[in-house]
**Student:** 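What follows is a single structure, and I will ask about it in a moment.
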Amino acid sequence: MPAAARLISPRSPTDDFIERGYHLFDAPVDAAAAGRLLAMIRATRAFDSGLFLSEAAFDADPQYTGVNPRPGRNLLETLEDGLAFVERDPAIVAGLTELLGDGYEMLNRKVVCGVPASAVPAWLKARITDNPVNNLGAYVRPEYRDVTYFYGIDFHQDLIDFKDRDADFLTLYVYLHPVGAHDAPLYLLEESHKLGATMFPHDLAYAEVGKEAPRWRYRDRIGGEVETRQTMLVGGTGFTAMWHACTLHGTQPDAADNERLSLRYLFAKRQDAKGHGVRAGLDAVNATLRGPIRLTATRQDLDERGAARIKANSVNKM
Ligand SMILES: O=C(O)CCC(=O)C(=O)O
Ligand SMILES: [Fe+2]
């Protein structure tokens with residue numbers, strides 16, 4: 001296709017997934033509806049140090065697993081009526097249908113909070129600095145574990161939570177307020193999906209190249225290598241992106257004074273009666289990958305309790 005034609009024709013989600021590993025929606029979802037949902041979320045709690053257990057309470061009985069939202073403890077269950085602006089947005093439905101086929105399935109949905117540095121108690125900061133995955137659920141009071149709280153997360157594939165499952169799903173992410181460079185924006189590594197599924201933490205080396213976007217050399221540890229371009233997802237209220245389950249992405253700790261609140265969905269292809277997924281755009285994407293689309297083990301950063309046993313973090317080093 002001539003270059004000029006490419007520029008004016010909208011990019012199809014399937015082409016975007018094949019070429020780059022993600023797709024940005026041209027227009028935000030209904031910003032007024034996003035703002036109403038945000039107000040309802042903020043009304044449920046203060047996103048400050050009151051979210052957290054005391055150090056003594058945490059140490060009395062550390063719980064590292066089962067600390068994320070789950071059925072029966074998920075803030076979006078109570079706010080379901082306010083989610084049609086995403087779930088029934090025509091462009092989103094069309095994009096999901098193209099990649100996942102008719103009757104695609106919602107695997108889960110939740111509110112994700114990027115916790116600002118000012119809200120993290122000093123004792124906790126000292127413990128978690130440079131951990132690769134700072135999901136703070138373990139340290140949050142049980143009644144607030146209906147939201148996922150991050151203080152930065154190193155580059156990962158969302159397949160990380162799904163050992164023994166094909167990358168037959170994608171992540172859809174919606175910003176509920178404007179997110180700029182200082183609001184813990186997501187960083188995506190373009191074309192990183194091309195190596196398929198690899199084990200976390202990933203083999204990444206930062207390669208700064210002049211004034212261009214930062215680049216990373218990414219290796220799959222079995223001989224494959226890609227040079228990936230880092231892209232920062234900044235946007236206004238209702239900005240929406242989706243990415244492949246093998247696309248590397250991460251965030252730095254939120255340096256701003258305010259929390260960053262977003263919606264995170266996982267959508268999968270529907271299985272037919274025989275347990276096979278229906279054929280859709282994602283199959284065309286997966287056929288282009290140079291590596292596996294499933295792993296029997298997705299991470300090696302945790303000990304048997306689920307606590308971090310590796311202290312190292314790429315995304316914080318740039
Ligand atoms: O929102 C964030 O800070 C990270 C979200 C993310 O990558 C995830 O939930 O998988
Ligand atoms: Fe993720």
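Whatever order the structure lists them in is the order used to number ligands and atoms, beginning at 1. Counting begins at 1 with the first residue of the sequence. On a predicted model such as this, the values are computed, not experimentally measured, just so you know.
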**Student:** Using heavy atoms and a cut-off under 4.0 Å, could you grab the residues that are in contact with ligand 1, chain by chain, numbers ascending?
**Tutor:** Val112, Phe150, Ile153, His156, Asp158, Tyr173, His249, Thr251, Arg260, Arg264
**Student:** With 2.8 Å as the threshold, which protein atoms of type N, O or S lie near the Fe ion (ligand 2)? Leave waters out.
**Tutor:**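 As for protein N, O or S atoms lying under 2.8 Å from the Fe ion (ligand 2), they are His156 NE2, Asp158 OD1, His249 NE2.
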**Student:** Around atom CG of Asp164, are there more than 12 heavy atoms from other residues, nucleotides or ligands closer than 6.0 Å?
**Tutor:**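 Above 12, so yes.
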**Student:** Which word best sums up how the rings of Tyr139 and Trp123 line up, parallel for under 30°, tilted for 30 to 60°, or perpendicular for over 60°?
**Tutor:** perpendicular
**Student:** Any donor-acceptor pair under 3.5 Å linking the side-chain atoms of Thr198 with those of Tyr218?
**Tutor:** yes
**Student:** Are Asn68 and Thr148 linked by a side-chain donor-acceptor pair shorter than 3.5 Å?
**Tutor:** yes
**Student:** Checking Arg145 now: which residues fulfil salt bridge (charged side-chain N to carboxylate O under 4.0 Å, His left out) with it, not counting sequence neighbours?
**Tutor:** none
**Student:** How would you list, by chain and number, every residue that makes a ring-ring contact (aromatic ring centres under 6.0 Å, His included) with Phe17, sequence neighbours excluded?
**Tutor:** none
**Student:** Looking at Gly180, is its backbone amide N or carbonyl O close enough to the side chain of Asp183 to form a donor-acceptor pair, meaning the two atoms are under 3.5 Å apart?
**Tutor:**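 Looks like yes, one N/O pair under 3.5 Å.
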**Student:** For His249 and His156, indicate whether the former's side chain and the latter's backbone hold a donor-acceptor pair under 3.5 Å.
**Tutor:** yes
**Student:** Go through Tyr144 and Phe52 one step at a time and tell me if the ring pair (Phe, Tyr, Trp, His ring centres under 6.0 Å) criterion holds.
**Tutor:** CA-CA 9 Å; Tyr144 295 137; Phe52 298 99; 9.3 Å; no
